[in-house]
Amino acid sequence: MYREFKHLHLPSIDAEILQFWDDEQIFKKSVDQRPAENAFVFYEGPPSANGKPGIHHVISRTVKDIFCRYQTLKGHRVERKGGWDTHGLPIELQVEKELGITKEDIGKKITVEEYNQACRTTVMRFKDLWDDITRKMGYWVDLDDPYITFKNEYIESCWWLLKRLYEKRTANDESFLYKGFTIQPYSPAAGTGLSTHELNMPGCYRDVTDFSTVAMFKVKREDKSDFLFDANDEDVRILAWTTTPWTLPSNVALTVGPGITYAKVRTFSPYTGAPVSLVLAKDRLPAYFPEENAALAFEDYKEGDKNIPFRVEKTFQGTDLVGLHFEQLMPYVSSPELEKDGFRVLPGDWVTTEDGTGVVHTAPYFGADDMRACKENGVPMIGVPDDKGRILPLVDKQGRFVPEVTDFAGRYVKAEYYPAEVQAEKDFKPTDLLIALKLKDENKAFRIEKYKHSYPHCWRTDKPVLYYPLDSWFIRASAARERMAELNKTINWKPASTGSGRFGVWLENLQDWNLSRSRYWGVPLPIWRTEDENEELCIGSIEQLSQEVNKAVAAGFMSENPFSTPPPTPPQGGRGAVEQAAERRDAKSAVSGYSGRPSFKTDPERWKFLKDYVRANRKNPTSAEKDMWEALRDKQFHDIKFRRQHAIEDFIADFVSLEYRLVVEIDGDIHDLQPEYDKYRMEFLEASGYSVIRFTNSEVQNERPAVLKKLWQAIQVQKNTLAQAESPSTAPLPLGEGSGVGLKTGFDLHRPYIDDIILVSPSGKPMRRELDLIDVWFDSGSMPYAQWHYPFENQEKWKQNYPADFIAEGVDQTRGWFYTLHAIAVMCFDSVAYKNVVSNGLVLDKNGEKMSKSKGNVVNPFETIDEYGADATRWYMISNAAPWDNLKFDENGIVESRNKFFGTLFNTYNFFALYANLDGFKMDESNVLPYNKRSELDRWIISKLYSLVADYHAAMNDYEPTKACRAIENFVDEHLSNWYVRLSRRRFWKGEMGEDKLAAYQTLFECLMVVGQLSAPAAPFFADWLYRNLTAPIKATAKANNTPLQHDSVHLTDLTQPDPSKVDKALEKRMDHAQRICSLALSIRKKDKLRVRLPLQKILLPVLDGTFQVEVEAVKPLILAEINVKELEYITDASGLLKKSAKANFKTLGAKLGKDMKAAAAQIAEFNNDQIAALEQAGSLALSVNGASYTITPEDLVVSTEDLPGWATASDGTITVALDVTVTPELQAEGLARDLVNRIQNIRKDKDFNVTDRVVVTLERHPAILPAVEQFHDYIKGETLATDLVLADALDGEKVELNDEVALSIDARISL
RNA sequence: AGGGCUAUAGCUCAGUUGGUUAGAGCGCUACACUGAUAAUGUAGAGGUCGACAGUUCAAAUCUGUCUAGCCCUACCA
């Protein structure tokens, strides 16, 4: 039997199928059954588990899942190794927030290792939520063995890659990994550089008002500049604007736009009244020189006048200015090199004339563009040399001028860096203003005014940032720019514009990758250097590091080599817990290389830290912990008081009953993370009289009663143990040792431990690690290698899985993961990292607004999936808009998907199951009726089905899931349900099982089966449910015979391949005619209020060409049945009834006629039957338009017929339908008979008779129905399964209205 | 500021290399059907295709400028 269902409830299907997948390991089987040689490689972009999963994660993971499942169905082995991104600033920030500390407190209030531990814990905070959403949404990814970026193995692979870059040389013999400095946002108050991420935090960009200054730079007279001088004593100056006057002492150049037109203006200096000639961009003149002042007489000008006369003397190009020298504006510091190559005019493409003067004041240490311009043009840096000969900027790291800037020495460059009370002083003046005033006094300022602009601030100190030169390690990505762009062109981007635009344009302007981060929680840069920086070493593996440490031990810089110390051994029995612990502590200290720390007491600081930590933890329970707490809180569990997140000396228990000394642990973290530590901790607790009971997340969430039962048993055991003990254990717990939050045994490659490693240089000097961490994006870009711990392990595996065939992430990853994958692959392996990439758009709310917690418009994915089911949610997301378009998420859309697609498919299946069960039909794979023995309708839907299969494959191969889903949707709704099933209904319920009926079942079965397969990638639950229902009755047979339907799950089957032999386009065209003709006929009936049950005599079809008639003839029975008409008659030209009209075919004629098109179209519209016939017969016709003569052919016309006079007609395009609407008494009677059948059927249904029940029908003897009953007696009986049909004068039946005039009583009862 | 995406019916979206009257679904209104029935069908109303200019016989489609929304990048002085 096929299962039948009352209603569609997708969440129940989800649950049923999830259970089945789990029980039968379907995901694993779907991967394992495919050959490894036939791999389709997918890379999972790792999510960070320190944030909760949102609805936007559901869409990106749906996209990934769809293509992985599709390729699996096509026979590929698609392994999907999951992963976790664990490093990075957001995690540091969250830890700091939870602990209530700032970066300054690291190393003071808490140790760096405590901080490190807290990061480890925090990073997996929501892992169980992620696991849960992964499962519930049906995303198949292997989470049993994920890659985790904080693991030593992962870090080691990153190091290996870094070393490869370190050793790789450019054509100029430069290393791909180098130390340099760039201009970066820097917060003097916090003493640290800031990332763009930090600058983009809300509230960081703020409008501030600064003193802007237009300074006058005096041009030196020399050959090149001679053209500027019209008089010998002329004072020619170039104007340059700045919003940061404090950078003016550091000015070394001016930059002009080569293509910009500049002007020399003769005027007077506004502050001193001295005559002067000024150079600035011509476009900027109006900003400084009001038009009306051009007319003022120079002789009349007096110093102090507001309106200053001016004359534009000459104009010239920026290129004319390039190379000119000027006098240093504020000559505090200079050098011979500067005198030679500095203080001159440079060209710069980026110069605009939108504001300022069209000349950019250039101070290389305080502007990235400035630095670039100076480097490109060989302008030396300005500053004070330190003892190593490096040139330091004129502003120190605290943000103050150095002593050499005598007038302003020691002054903070920004007013905000002074304490508030200093700023509040009456005569306080910002340094910017002081500088401006000095320039004014010296006749070097042209204009000083306040200027409001948006400027970034440090999120921690709230003070403005400086752009400041900082040391950093870089990857020389610019050297691989061309190769990256070239290889990028081989990648299939969806959408293409992201690859060529957003990504491609960016690659073309690629800068070196700044790898350095001054942080704690990340992959340490594996470079050690001597203090004099003359010797350095890049480490590429732990083994290499260990060898280097051995040398360092020999040289006496290290006491021992932590990498060669065996891991601590478990304690032997027989000694006290405290002793054991102490011993382990020693071992561990030695291992981790931080010996000598006095941490044998729980000091107050540490205790406070733990308390704060658990307090924070309580606010962020995992959902399993939350569930557990719901069961235990408030003494509701057998009146036992439980505490959660309770610190027991140095350890934190998830839940504890102090009364019964029972600790309850829930494994919320990655299980294998710290097995040694867990063991150690358990022993500790047990030694002090505690018992520990552990549960997993899924136990707590899915098997609560069993969990509580076990817990109760444990309590009983503890009760007895405690009662038997002479006295409850009061032994003091061993005191803490600084690892309560958890530490993996073995050496941890993170800071601070790694920083304790000191190596020895070839010349015997100590080398210390460069303190930087690397950009976390390097972590994620390394995943193709690091996930397999390549090249230290899995070399073969890696080879098979590189590069990826397919990846998908949000479009925001373009310059993130997409880039780092690409960059590392190109630079290290001269390869792409992925061949196809889908970058999906954002998920917005239904009003198109970005979802954010503050707006309260975030959608909870768990609730959505619980309510509508995963499939409806997935289907909606994919079918509604292309993945790369932004999705306006609206729950109504999910409802629509559910009703329209799943509802229709469900109904179709249910229909099939209902009748198949009645007829005892079971699909028999060995006995399938050949298509040529099936009806036109059957062959048509099969043809449509295989057209769908072809379209589907094309779309999926092209990474167009939306097109694929819409094609399926259209097939199911439009063709399968609304045409095939509707027209075939009668075949299923009428008569005995014969060939036609069998054909109907087999056809419908095949359609459902294939549709299930095609939908499986996008709707994995429903598709499997459908497949399993369809195949359950024959599963055993199929397995025995080894036939295609033997598989337990649709996800294990082989996808139906396109098969052109099953597609019959001519048949599809015929059926299209039928559908359109029916639609037209029904619309006539509707217009003339002729019910479909009322048969009509005749339908007329004008025939415009011979093939049309042949085509329609083939589907004639379907048409007649559908519209309830008795005959179909064709009208040809010969009938004389046809009135044709013609329209121009614009497409063909337009090319020929060009601008005469319009006139010709008018002429053609006037054609009559004869003209059209003449053209059709002759095959061509001369047409004269506007004096020109053209030859037109029949293809140039679109011929249609006009209404037939005296007939009810309707037309659609070239098809016209006329209906004979004469209702004869016979037709009337037949119509009534059908009405009667209908009413009787309704009664059967009302009375809940079985579909197969035989009945006796009694009709009231109403005069109106007599002819119908008389003539259609047998018909009525047959249709209603009546054994008897009798008339009675009076009866106790159902009162039924037959039509407006006729009402009568009808009785139907089951015949005995 | 630069780069990119988007803009078509009340809503969500199609619209192939420019070509006749710009389509679909939902929603709304009316009607029909009734052995799929909390299903289905038919019809109607609803559009200056974001704005302006250009190319063309012909533009939702190609080009340019602009506007709005969003994303990424960014101290332009």
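Below, read A as the first sequence line, B as the second, and so on, with proteins coming before strands; counting in each chain starts at 1. None of these values were measured; they are calculated from a predicted model.
Comparing U12(B), U40(B), C57(B) against the side chain of R982(A) picks out U40(B) as the nearest. The side chain of S497(A) has C5(B) as its nearest neighbour among C5(B), C70(B), A36(B). Listed nucleotides C5(B), G19(B), C13(B) differ in distance to A881(A); the shortest reach to its side chain belongs to C13(B). Closest approach to the H7(A) side chain among A38(B), A14(B), C70(B) is made by A38(B) (side chain taken as heavy atoms from C-beta onward). Of the listed nucleotides (A14(B), C75(B), G19(B)), A14(B) has the atom at the smallest distance from the side chain of D885(A).
Between the side chain of R502(A) and the base of C71(B), a donor-acceptor pair under 3.5 Å is found. Under 3.5 Å, the side chain of K888(A) and the base of U6(B) form no donor-acceptor pair of N or O atoms.
Annotation: side chain of R502(A) is not in contact with side chain of W506(A) (no heavy-atom distance under 4.5 Å). At least one side-chain heavy atom of L248(A) sits under 4.5 Å from a side-chain heavy atom of L439(A). Looking only at side-chain heavy atoms (C-beta outward), D370(A) and Y467(A) stay at 4.5 Å or farther from each other. Looking at Y1275(A) and R1234(A), their side chains come closer than 4.5 Å, going by heavy atoms from C-beta outward. Using a 4.5 Å heavy-atom threshold, the side chains of I59(A) and F889(A) count as separate. With a 4.5 Å cut-off on side-chain heavy atoms, Y288(A) and V214(A) count as touching. Annotation: side chain of H361(A) is not in contact with side chain of L329(A) (no heavy-atom distance under 4.5 Å).
Applying the side chain to side chain contact (heavy atoms under 4.5 Å, CB included) test between F366(A) and each of I183(A), V413(A), V395(A) identifies V395(A) as the sole match.
Per the stacking criterion (ring centres < 5.5 Å, plane angle < 30°), F1146(A) does not stack onto the base of U20(B).
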Polar atoms only, N or O, under 3.5 Å: list the protein pairs with nucleotides 58-66 of chain B and their distances.
none

Please list, pair by pair, any protein nitrogen or oxygen found under 3.5 Å from a nitrogen or oxygen in nucleotides 23-29 of chain B.
unit_1, atom_1, unit_2, atom_2, d
G25(B), O2', E896(A), OE2, 3.0

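In this entry the distance linking CD of E969(A) with C1' of U12(B) reads 12 Å, nearest Å. One can place CD of E508(A) at 22 Å from P of C72(B), the figure rounded to the nearest angstrom. H56(A) places its NE2 atom 13 Å from the P atom of C71(B), with the value rounded to the nearest Å. As a whole-Å value, the separation of L918(A) CG from A36(B) P is 12 Å. Here A32(B) presents its C1' atom at 14 Å from CG of N1124(A), a figure rounded to the nearest Å. As a whole-Å value, the separation of Q1075(A) CD from G41(B) P is 12 Å. Distance, I183(A) CD1 to C76(B) C1': 14 Å, rounded to whole Å. C75(B) atom P lies 13 Å from atom CG of L470(A), rounded to whole Å.
Within the 4.0 angstrom heavy-atom criterion, no nucleotide atom of any strand lies near G893(A). Counting non-hydrogen atoms under 4.0 angstrom, R986(A) reaches nothing in the nucleic acid. Among the protein residues, A1161(A) comes within range of no part of the nucleic acid, since none of its heavy atoms lies under 4.0 Å from any strand. Contact annotation for N907(A): base contact, defined as any heavy-atom pair under 4.0 Å involving a base atom. In this structure, F503(A) reaches neither bases nor backbone, as no heavy-atom distance under 4.0 Å exists between it and the strands shown. The residue S977(A) sits close to a base: some heavy atom pair falls under 4.0 Å. Contact annotation for V359(A): no contact, since no heavy-atom pair falls under 4.0 Å across all strands.
Taking side-chain N and O atoms only, N978(A) has a distance below 4.0 Å to OP1 or OP2 of G41(B).
One C1' atom belongs to C52(B), the other to A39(B), and the distance between them is 50 Å to the nearest Å. Atom name P, nucleotides U17(B) and C62(B): the rounded distance is 10 Å, in whole Å. The gap from the P atom of G44(B) to that of U56(B) amounts to 39 Å, rounded to the nearest Å. If you take atom P in A22(B) and the same atom in U61(B), they sit 15 Å apart, rounded to whole Å. Nucleotides A58(B) and C72(B) place their C1' atoms 39 Å apart, quoted to the nearest Å. For G50(B) and A68(B), the C1' atoms lie 8 Å apart once the distance is rounded to whole Å. Look at the P atom in both G64(B) and G10(B): the space between them is 30 Å, to the nearest Å. Spacing between G69(B) and C28(B) at atom P, rounded to whole Å, works out to 32 Å.
Between W875(A) and F902(A), the ring-plane angle classifies as perpendicular under the 30° and 60° cut-offs. Taking the six-membered ring where the residue is Trp, Y909(A) and F5(A) present tilted rings, their angle falling between 30° and 60°. Ring pair F503(A)/W493(A) is tilted by interplanar angle, where 30° to 60° counts as tilted.
For S212(A) (side chain) and E449(A) (main-chain N/O), a donor-acceptor pair under 3.5 Å exists by modelled atom type.
With rounding to the nearest 0.5 angstrom, the CG atom of L1281(A) is 11.5 Å from the CD1 atom of I1310(A).
Nearest-nucleotide mapping onto RNA chain B: of G1278(A) and T962(A), the residue sitting toward the 5' end is T962(A). Ranked by how close their nearest RNA chain B nucleotide is to the 5' end, G358(A) and L887(A) are led by L887(A).
Counted within 6.0 Å of NZ on K963(A), heavy atoms from surrounding residues, nucleotides or ligands total 12 or fewer; the atom is thus considered open.
With pairs defined as Watson-Crick or G-U wobble and both atom distances under 3.5 Å, the stems of at least three pairs that touch RNA chain B come out as B:1-7 with B:67-73, B:10-13 with B:23-26, B:28-32 with B:40-44, B:50-54 with B:62-66.
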